[in-house]
Amino acid sequence: MYDAGQLCDNSSLEVMKKVLVTKRVFPEAVEYLKQRFAVDYVGTDEGLPPAELRQRVNGVDAIVSQLTDKFPAEFIETLDGVKVIANVAVGFDNIDVAAATRKGILATNTPDVLTETTADFAFALLMAAARRVVEGHAFVHSGEWKQWTIDLLAGQDVWGRRLGMFGMGRIGQAMARRGRGFAMRVIYHDAVRQAAEVEKDLGVDFVSKEELLREADFVSLHVPLTDGTRHLIGTKELEQMKATAILVNTARGPVVDEAALAEALGRRRIAGAGLDVFEKEPEVHAGLLKLTNVVLAPHIASASVETRRRMSMMAAENAAAALEGRRPANLLNPELWRS
Ligand code: GLV
């Protein structure tokens, strides 16, 4: 067990580099760091309020952060002596990487280990929304189920339909393979088009944003949150989708205008949604909480035990590499690395 704020007991503390771990992670990651560094481990799930985080970073060499820790430019500019911010997430919109680069601070993330796990969950949300799994559970649980009827909780087929994806990076590709496994036609749109061999291999077709919205039975989001993708799906886009369409978001909440989505789902402008991420987590738009045609999850797409363990270790290894003068495996600002 690790107590909040526990500092590694080591006689050579003054010469050891210091790592701040801002929230609870899997214990092996803390053990790994403690074998090498003085570790200030905040072993709680709440982590540190912003003001406390700003105090606790004083004198640290590395920060193992999570997506709930915010590192805007003006905070990063104060991080004297910090060599690396190692985020336990593939997404890094919580860190101003350009500001970190200007300050000479390495930033790292945890890609690859969560790709298949996250795509599994995106497909689970798609299936759950299409086949009304959560409504079925609630129906049985409430004792309302009296008999088999011809259209009881009848949903939509997934097999053979059209999957439209925004983003064809690692997780997007894993989602596309799942769609192909269900004999879906997969179309996608992205800022950067994949090479022809990749498209052929995956069996996916590149289309315009408008065509995707018009043609897809399922629209799944796999883009990072940037200024260009904020509110990628808003009122205008929802109006372009089929009335039978289902939206799946496992990317980042602000990629969707949540108020516009709640409104569109409420008047059945689109048929349903499966959402793992929200604009102001852990808050969820009140309109969404009232609806039965949306499946809600608390940002758990990468949360298999093994994957979260591997993400914890990967961030610890990235921090250790940076402090020991080795190139971290998952460097977000490689321009800082001179070997
Ligand atoms: C989770 O959302 C992640 O970015 O890893």
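Throughout, residue positions are numbered sequentially from 1 according to the sequence presented. Order of listing sets the numbers, starting from 1, for every ligand and every atom in it.
- Salt-bridge check for D61 with K17: failed, with every basic side-chain N at 4.0 Å or more from each acidic carboxylate O.
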Worksheet item: Could you go step by step and tell me if R170 and T118 meet the side chain to side chain contact (heavy atoms under 4.5 Å, CB included) rule?
Response: CA-CA 10 Å; R170 286 170 289 229; T118 304; over 6 Å; no
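- Classified by interplanar angle (parallel below 30°, tilted 30° to 60°, perpendicular above 60°), the ring pair F166/H189 is perpendicular.
- Checked against a 3.5 angstrom limit, the closest N/O atoms of H299 and ligand 1 fall inside it.
- In terms of N/O distances under 3.5 Å, ligand 1 is not approached by L67.
- Within 6.0 Å of CZ in R177 there are more than 12 heavy atoms belonging to other residues, nucleotides or ligands.
- If you look at L114 next to ligand 1, the close heavy atoms, those under 4.0 Å, all belong to the side chain.
- Atoms of ligand 1 lying under 4.0 Å from any heavy atom of M311, numbered from 1 in the order shown and given with element: 5 (O).
- Nearest protein neighbour of atom 5 (O) of ligand 1, counting heavy atoms only, is V90 N, 2.8 Å.
- At under 3.5 Å, not a single nitrogen or oxygen of S302, backbone or side chain, sits near a nitrogen or oxygen of ligand 1.
- Residue-ligand proximity, A89 to ligand 1, at heavy-atom distances under 4.0 Å covers atoms 3 (C), 4 (O), 5 (O).
- In terms of N/O distances under 3.5 Å, ligand 1 is not approached by V88.
- In this structure, V60 and L79 have side chains that are not in contact, with every pair of non-hydrogen atoms separated by 4.5 Å or more.
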Discussion item. Set out, in order, the CA-CA distance, both residues' side-chain angles and the distance that settles salt bridge (Lys or Arg N to Asp or Glu O under 4.0 Å) for R185 and D205, then state yes or no.
Written reply: CA-CA 9 Å; R185 178 175 168 214; D205 294 314; 3.3 Å; yes
